[in-house]
Amino acid sequence: MNGTSGGLRRTAVAAAALAAVLGAGACGSEPGTASGVPPATGAATGGPSPAPTLASPTPTPRTPCSAEGVSLSMDIPDAAMGLRAASVELRNCGKRPYKLNGYPALRVLDKNREPFDVRPIRGTHEVKDPGPKPLTVAPGKSARFVIVWRNLVTESTTVAVNGSYLEVRPAPGRPVLVLPSNGPLDLGNTGRLETTAWTLVRR
């Protein structure tokens, strides 16, 4: 009897421990909501998608320094279940401060540098958006923005967007810069490209 009672007690303790672990998981916050940012919606199933991360950027070679004294580079897009994100960095390679304010104006171009029918969206909930504000990029310093899109095809009769270049107008009145994409800008037929505002790069 003592051996049986001991076995029952051990079984009861193990069951209580398992119940405590499961209970703790049920009460925890949902993935992607700890920072107040809602999780991305899965393209195929409608369920939550992991948010893209930008922890290990691998920038392309920079574009040549422009007449205004700036150059661009783009990280390899990070993907998670159809959700894409990439950081674009502007470096002041000139000798004078370069002013920015708010969101860049963007166009997605094909391999012949012809624009696709894509609507840039100012602001995104998928990654942190600092919001529009005036910035001054000192010589030798950088600023960046993040583009976010979904590789989603829902209409077989609409040609899917697969961009090769990103055209960037850093601020109103500034000349455009054309940046080769670091991987395909595969927007499917969503027609949407979300972007954050410019923010200074702290190094």
Side-chain angles (χ1 to χ4, degrees), residues 35 37 40 51-80 83-116 118-151 161-187 192-203:
S35 63
V37 177
T53 59
L54 301 168
S56 302
T58 305
T60 55
R62 293 186 176 277
T63 60
C65 194
S66 71
E68 288 204 326
V70 295
S71 64
L72 295 178
S73 64
M74 177 179 176
D75 295 345
I76 294 176
D78 196 0
L83 184 65
R84 310 280 198 257
S87 174
V88 177
E89 183 174 308
L90 176 148
R91 181 174 176 79
N92 186 341
C93 50
K95 298 180 179 180
R96 295 184 295 179
Y98 191 87
K99 295 185 181 298
L100 298 168
N101 191 350
Y103 296 90
L106 305 175
R107 291 203 303 176
V108 178
L109 311 180
D110 65 15
K111 62 182 180 181
N112 298 317
R113 302 199 180 194
E114 294 295 326
F116 284 102
V118 171
R119 182 165 61 101
I121 307 297
R122 294 185 172 188
T124 176
H125 293 294
E126 305 294 354
V127 296
K128 184 178 180 181
D129 184 358
K133 57 184 177 182
L135 303 174
T136 299
V137 186
K141 300 297 183 180
S142 301
R144 74 168 191 167
F145 62 90
V146 178
I147 51 175
V148 181
W149 70 96
R150 285 191 178 277
N151 179 17
V161 172
N162 197 352
S164 300
Y165 297 90
L166 184 67
E167 182 187 275
V168 181
R169 188 182 296 277
R174 295 285 194 181
V176 299
L177 303 169
V178 177
L179 174 66
S181 64
N182 198 354
L185 293 170
D186 50 352
L187 279 63
R192 290 173 58 95
L193 180 67
E194 298 178 0
T195 178
T196 68
W198 287 104
T199 184
L200 292 175
V201 175
R202 307 292 183 182
R203 289 196 179 103

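At least one side-chain heavy atom of P170 sits less than 4.5 Å from a side-chain heavy atom of W198. Side-chain contact between V161 and V118: present, with at least one pair of heavy atoms (C-beta onward) separated by less than 4.5 Å. At least one side-chain heavy atom of T63 sits less than 4.5 Å from a side-chain heavy atom of P180. Between R144 and T199, some side-chain heavy-atom pair lies under the 4.5 Å cut-off. Between L106 and R122 there is no side-chain heavy-atom pair separated by less than 4.5 Å. Between V127 and T196 the shortest side-chain heavy-atom distance falls below 4.5 Å.
With hydrogens and angles ignored, the 3.5 Å screen pairs a side-chain donor or acceptor of N92 with a backbone N or O of V137.
Residues satisfying the ring pair (Phe, Tyr, Trp, His ring centres under 6.0 Å) test with W149, not counting sequence neighbours, are none. Residues that satisfy the salt bridge (Lys or Arg N to Asp or Glu O under 4.0 Å) test with D186, not counting sequence neighbours, are R84. By the side chain to side chain donor-acceptor pair (under 3.5 Å) test, R91 pairs with no residue at all, sequence neighbours left out. Residues passing the salt bridge (Lys or Arg N to Asp or Glu O under 4.0 Å) test with E89, sequence neighbours excluded: R62, R203. Qualifying side chain to side chain donor-acceptor pair (under 3.5 Å) partners for Y165, counting only residues two or more places apart in sequence or in other chains: none. Applying the side chain to side chain donor-acceptor pair (under 3.5 Å) test to D129 and every residue at least two apart in sequence or in another chain returns Y103. Annotation: side-chain contact (heavy atoms from CB on, under 4.5 Å) contacts of R119 (sequence neighbours excluded): I121, R192. Taking the side-chain contact (heavy atoms from CB on, under 4.5 Å) definition, one finds that D110 meets it with N112, E114, F116, sequence neighbours left out. Listed by chain and residue number, nothing satisfies the side chain to side chain donor-acceptor pair (under 3.5 Å) test with T195 (two or more places apart in sequence, or in another chain).
Residue pairs meeting the salt bridge (Lys or Arg N to Asp or Glu O under 4.0 Å) criterion with at least one partner in residues 169-178, sequence neighbours excluded, are E68-R174. Among pairs with a residue in residues 92-108, those fulfilling salt bridge (Lys or Arg N to Asp or Glu O under 4.0 Å) read R107-E167, at least two apart in sequence or across chains.
Between G102 and P132 the shortest heavy-atom distance is CA-CB, 3.5 Å. Nearest heavy atom pair, residue P134 against residue N101, reads N-OD1, 3.4 Å. Nearest heavy atom pair, residue P115 against residue L109, reads CA-CD2, 3.6 Å. Annotation for S71 and C93: closest pair N-SG, 3.9 Å, computed over non-hydrogen atoms. Across P130 and A197, no two heavy atoms sit closer than the pair CG-O, 3.8 Å.
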Practice task
Show your working on side chain to side chain contact (heavy atoms under 4.5 Å, CB included) between L179 and L177 and close with a plain yes or no.
Solution key: CA-CA 6 Å; L179 174 66; L177 303 169; over 6 Å; no
Exercise for the section: Assess whether side chain to side chain contact (heavy atoms under 4.5 Å, CB included) is satisfied between I147 and E194, documenting all intermediate values. Expected result: CA-CA 6 Å; I147 51 175; E194 298 178 0; over 6 Å; no
Exercise for the section: For L166 and S181, run side chain to side chain contact (heavy atoms under 4.5 Å, CB included): C-alpha distance rounded to whole Å, both residues' side-chain angles, the deciding distance at 0.1 Å, then the answer. Expected result: CA-CA 6 Å; L166 184 67; S181 64; 5.7 Å; no
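Atom OG1 of T136 and atom CG of L100 lie 8.0 Å apart (nearest 0.5 Å). The OG atom of S142 lies 7.0 Å from the CG atom of L90; values are rounded to the nearest 0.5 Å.
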